[in-house]
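Written out below as C-alpha cells is the structure these notes cover.
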Number of protein chains: 2
Amino acid sequence: MRDVARAAGVSAMTVSRALREPARVSPEVRARVEAAVRAVGYVPNRLAGSLSSRRSDVVGLVVPSLENSLFAATVKGISDVLRREGFQLMIADSLYSPEAEEAAIRAFLEQRVAGLILHDTLHTEATARMIRRAGVPVVENGTVPAEPLDMVVSYSNREAAKAMTRHLARLGYRRVALVTLPSAANARSRDRRAGFLDALAELGRPSDPRLLLEMPPGLASGAEALARLTEGAEPPDAIFFAGDVLAAGAVLECQRRGWAVPGKVAIAAFDNVDLLAQLNPPVTTLRLPRGEIGTRSARMLLDRLAGRQSGPAVLDLGFEIIQRAST
Amino acid sequence: MRDVARAAGVSAMTVSRALREPARVSPEVRARVEAAVRAVGYVPNRLAGSLSSRRSDVVGLVVPSLENSLFAATVKGISDVLRREGFQLMIADSLYSPEAEEAAIRAFLEQRVAGLILHDTLHTEATARMIRRAGVPVVENGTVPAEPLDMVVSYSNREAAKAMTRHLARLGYRRVALVTLPSAANARSRDRRAGFLDALAELGRPSDPRLLLEMPPGLASGAEALARLTEGAEPPDAIFFAGDVLAAGAVLECQRRGWAVPGKVAIAAFDNVDLLAQLNPPVTTLRLPRGEIGTRSARMLLDRLAGRQSGPAVLDLGFEIIQRAST
DNA sequence: CTCGTCCTGGTTAGCGTTACCACAAACCGG
DNA sequence: CCGGTTTGTGGTAACGCTAACCAGGACGAG
C-alpha cells in the first residue's frame with residue numbers, strides 16, 4: 001500500500017479511503033490512486049485490514065457431510081448471497097460428530113469469522129460456550145432445537161413427516177412403514193420419526209416396531225430396506241423413506257423384481273431430488289426449501305452483521321407434498 | 001494473549017511458543033500456560049498470527065458449480081487431507097465463467113491464502129498474472145492445460161472418451177453418438193469430444209454431425225437428448241453420454257418408452273455415480289478417480305508449502321472402463 | 001473582515017501476533 | 001573451575017492496515 005501511496009503522491013490513509021469509501025476522496029485523487037493500484041498491481045491484505053478494523057468478511061459453514069448432495073443446494077444458496085455482498089465462505093464438515101464440529105468451529109473462531117452457519121443443532125457444551133464467549137452471530141439449519149444458540153432457519157422435520165404419514169393414510173394405506181437414516185447422531189431423523197409416530201397416534205393406529213427401520217444412506221441401502229420390510233409376515237402396503245435417496249433405491253429394486261408400485265407396495269420419499277420425478281413411477285415426496293434455507297440463513301446473518309436486525313429469530317420455511325404415481 | 005501471559009506469569013512471547021512449539025518450552029511453564037489458556041478461555045487470533053508470520057493455513061478452492069454433486073467427491077478428498085494437516089478450506093464457485101473465477105481468486109489472494117486449487121483450467125489473462133505475482137502454489141484439476149499455471153492433478157478426459165468410444169466399437173456398435181455438456185466454457189467437454197473424434201478417426205469412420213449433441217446438465221436433459229437423437233433418419237445404435245447424469249436420464253426415458261437397452265439403443269456414461277449401477281439395466285461407464293484427485297491435489301499443495309517438493313508437476317491418475325448390461 | 005463549518009487529506013497509535021536478537025542460567029568436557 | 005555451548009525466556013520491532021483525531025483551506029453568514 002505504501003508503494004501505491006508513493007506512486008499516487010498521497011498518504012497511505014488516502015489510499016485506504018479511496019478503496020473503501022471512494023465518496024470521501026476527491027475524484028481527482030481517486031483517479032490517481034486507482035491508476036497507481038493498477039500500475040503497482042496492488043492486492044489489499046484483508047488479514048491486516050480485519051485485524052485493524054476488527055471486522056471480517058468471512059462466514060464459516062459447518063455441514064454434516066460434504067459428499068451428501070442434499071446439502072449442496074443449501075450451500076449454493078448461502079454462497080450466492082455471500083458473493084453478492086462481498087463475503088467469503090469457509091466450509092468444514094462435521095462427519096455427524098459434535099466433537100468434529102467443535103474442532104471446526106474453534107478453527108473458524110481462530111480465523112475470526114464474522115458469523116457461523118451450522119447445519120446441525122446438536123452441539124457439545126464447549127461449543128456453545130465458545131460461541132457465546134466469541135459473541136459471533138450464528139444461524140442453525142437442521143431442525144429447530146430446544147434451546148437455539150441464536151438464529152434458526154429451517155422447516156419442521158416433525159411436521160413434514162407427520163403430514164406425509166397422514167397423506168398416506170388418507171390415500172388408504174393401512175400399514176405404513178418408516179425408514180430413516182441412523183438417528184443416533186442425527187436430530188433430523190429423530191424428528192421425522194417423532195412426526196411419523198405423532199400421525200399414527202392421531203389416527204389411532206398402533207405403531208408396529210417391525211415397520212420402523214434405520215438404514216445408512218445410499219441407493220443400495222434403500223433396496224436393502226425394501227427387501228427386509230417385505231419379507232416378513234405382515235408386510236407394509238406403503239413405505240415412507242424419510243432420508244437421502246433411499247426411496248429411489250427402493251423403486252429401482254422394485255423394477256428389478258418386477259413389482260408394481262404402488263400395486264405391490266407404495267413408496268414415498270422425503271426430499272425432492274430430481275431423480276424421484278424421473279423414476280418409473282415418479283415418486284411422491286416433499287418439496288423442501290433447501291435452497292431458500294441457504295439464502296435466508298445467509299441474509300439473516302448479514303442483516304445481523306449490518307445491524308439491520310437484532311434479536312434471535314426462528315424462521316420456519318414450510319414444505320409441500322408432491323403427490324405422484326408411486327402412491 | 002496478554003491476559004494469558006499475565007495469568008501464567010510469563011511473557012506473551014512464551015505463551016506464543018508454548019502453543020506453537022511446546023517442545024521449546026519447559027514442561028512446567030507449558031503446564032502453567034495451558035492452564036491459563038483454559039482459565040481465560042483464550043482463542044488465538046490467526047489473523048494476527050498470519051499477518052506477522054506471513055504464513056497462512058487457509059487454502060482456496062474454486063469449483064465450477066457447488067450444486068453439481070460430481071465435484072463433491074473431490075471437495076471431500078481435499079477437505080479430508082486439509083483437516084488432518086490443520087488447514088482450512090475456503091470455497092467459491094465460478095459458475096463456469098472465467099471472469100467469476102478471477103473475482104473469486106482475487107478475493108482469495110486478498111485473504112492471503114496459502115495456496116489455490118482450481119477445478120477449471122481456462123483462466124483470464126489477469127488471473128494468470130495475479131497468481132504469478134502473488135507467488136502462491138496452485139493445483140489445477142479439470143483437464144491437463146496446454147500451459148499449466150503450476151501443478152496439475154487430473155485424468156485425461158480425451159483418453160477416457162477415446163477409450164470408451166473404442167470400447168463401444170469393439171462391442172460391435174456401428175453408429176455411435178456423443179452427447180456432451182455445452183463446450184463453450186468447458187474444456188473438459190471439448191477434450192471429451194476430441195477423444196471421441198480421435199477414436200472415430202482411428203477406426204476410419206466418418207464423423208456424422210447429426211451424432212454430436214450438446215446438452216445442459218440434468219436428468220431431463222438426458223431424456224431430451226435421447227429423443228432428439230433417435231427421431232432422425234439414421235438413428236445411432238449406441239449413445240455415449242459424456243457428462244453429468246445425462247445417461248441416467250436417457251435410461252429412465254427408455255424405460256418410459258418401453259425400449260430395450262441395449263436392444264433398441266445402447267447407452268454408455270462417463271462418470272461412476274452410483275445411480276448408474278442401480279438402474280435397469282445398469283449402465284456401462286468409466287470409473288474416474290474423483291476422490292483421489294482431491295486428496296492428491298491437497299497433498300501436493302501441502303507438500304509444496306512444506307518445501308517437500310519443488311517444481312511444477314503433472315499427475316495423471318488414469319481411469320477404468322466398467323462394462324455393464326446397457327451396452 | 002472575521003468566525004464557524006465543511007471538506008479533504010495527513011498523523012499517530014494501535015490491532016494481536018511472531019521474527020529476531022539479547023541475555024541469564026544451566027551444563028559440560030578438559 | 002573456566003571458556004563455550006546449549007536451553008529457556010524476554011524485549012522490541014515489525015506485519016499491513018484502519019480508527020480516531022487533527023490541520024488547513026474554501027466558503028458562506030453575520
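Per chain, numbering begins at 1; letters A, B, ... match sequence-line order.
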Between [Y] and [X], does any NZ, NE, NH1 or NH2 come within less than 4.0 Å of an OD or OE carboxylate oxygen?
X        : Y        : answer
B:Glu21  : B:Arg17  : no
B:Arg299 : B:Asp303 : no
A:Asp191 : A:Arg188 : no
B:Asp80  : B:Arg84  : no

Using whole Å, what does the distance between atom C1' of nucleotide C:dA19 and atom CE of B:Met1 come to?
12 Å
Would B:Arg304 and B:Asp150 count as a side chain to side chain contact (heavy atoms under 4.5 Å, CB included) if you check the C-alpha gap in whole Å, the side-chain angles of each, and the deciding distance to 0.1 Å?
CA-CA 11 Å; B:Arg304 170 76 71 77; B:Asp150 188 357; 2.9 Å; yes
Could you give the angle between the helix axes at the two ends of the helix from C:dC1-D:dG30 to C:dG30-D:dC1, with five pairs per end, rounded to 10 degrees?
30°
Closest to the 5' end of DNA chain D, once B:Arg112 and B:Pro27 are matched to their nearest nucleotides, is B:Pro27
Outermost nucleotides of DNA chain D that come under 4.0 Å of a non-hydrogen atom of chain A
D:dG16 to D:dA20
Using a strict heavy-atom distance below 4.0 Å, which residues from residues 41-55 of chain B are in contact with DNA chain C?
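Contacts with DNA chain C under 4.0 Å: B:Tyr42, B:Pro44, B:Asn45, B:Ala48, B:Gly49, B:Ser52, B:Ser53, B:Arg55.
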Of residues 3-26 of chain B, the positions that come close to DNA chain C - non-hydrogen atoms, cut-off under 4.0 Å
B:Met13, B:Ser16, B:Arg20
With the side chain counted from C-beta on, respond yes when B:Leu116 and B:Pro137 share a heavy-atom pair under 4.5 Å apart, and no when they do not.
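Side chain of B:Leu116 against side chain of B:Pro137, heavy atoms only: no contact under 4.5 Å found.
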Check whether any side-chain heavy atom of A:Val75 sits under 4.5 Å from a side-chain heavy atom of A:Val63, and report yes or no.
yes
Is the closest side-chain donor-acceptor distance between A:Glu102 and A:His123 under 3.5 Å?
no
Side-chain donor-acceptor pair under 3.5 Å between A:Ser94 and A:Ser97, yes or no?
no
Test of understanding: with side-chain hydrogen bond (donor to acceptor under 3.5 Å, both in side chains), list the residues that count as partners of B:Tyr42, not counting sequence neighbours.
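side-chain hydrogen bond (donor to acceptor under 3.5 Å, both in side chains) list for B:Tyr42, sorted by chain: empty.
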For A:Gln111, side-chain hydrogen bond (donor to acceptor under 3.5 Å, both in side chains) partners two or more places apart
B:Asp57
Looking at A:Arg32, I want to see if its CZ is surrounded by more than 12 non-hydrogen atoms of other residues, nucleotides or ligands under 6.0 Å.
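Check passes, neighbour count above 12.
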Plane angle bin for A:His119 and A:Phe71 - parallel if under 30°, tilted between 30 and 60°, otherwise perpendicular
perpendicular
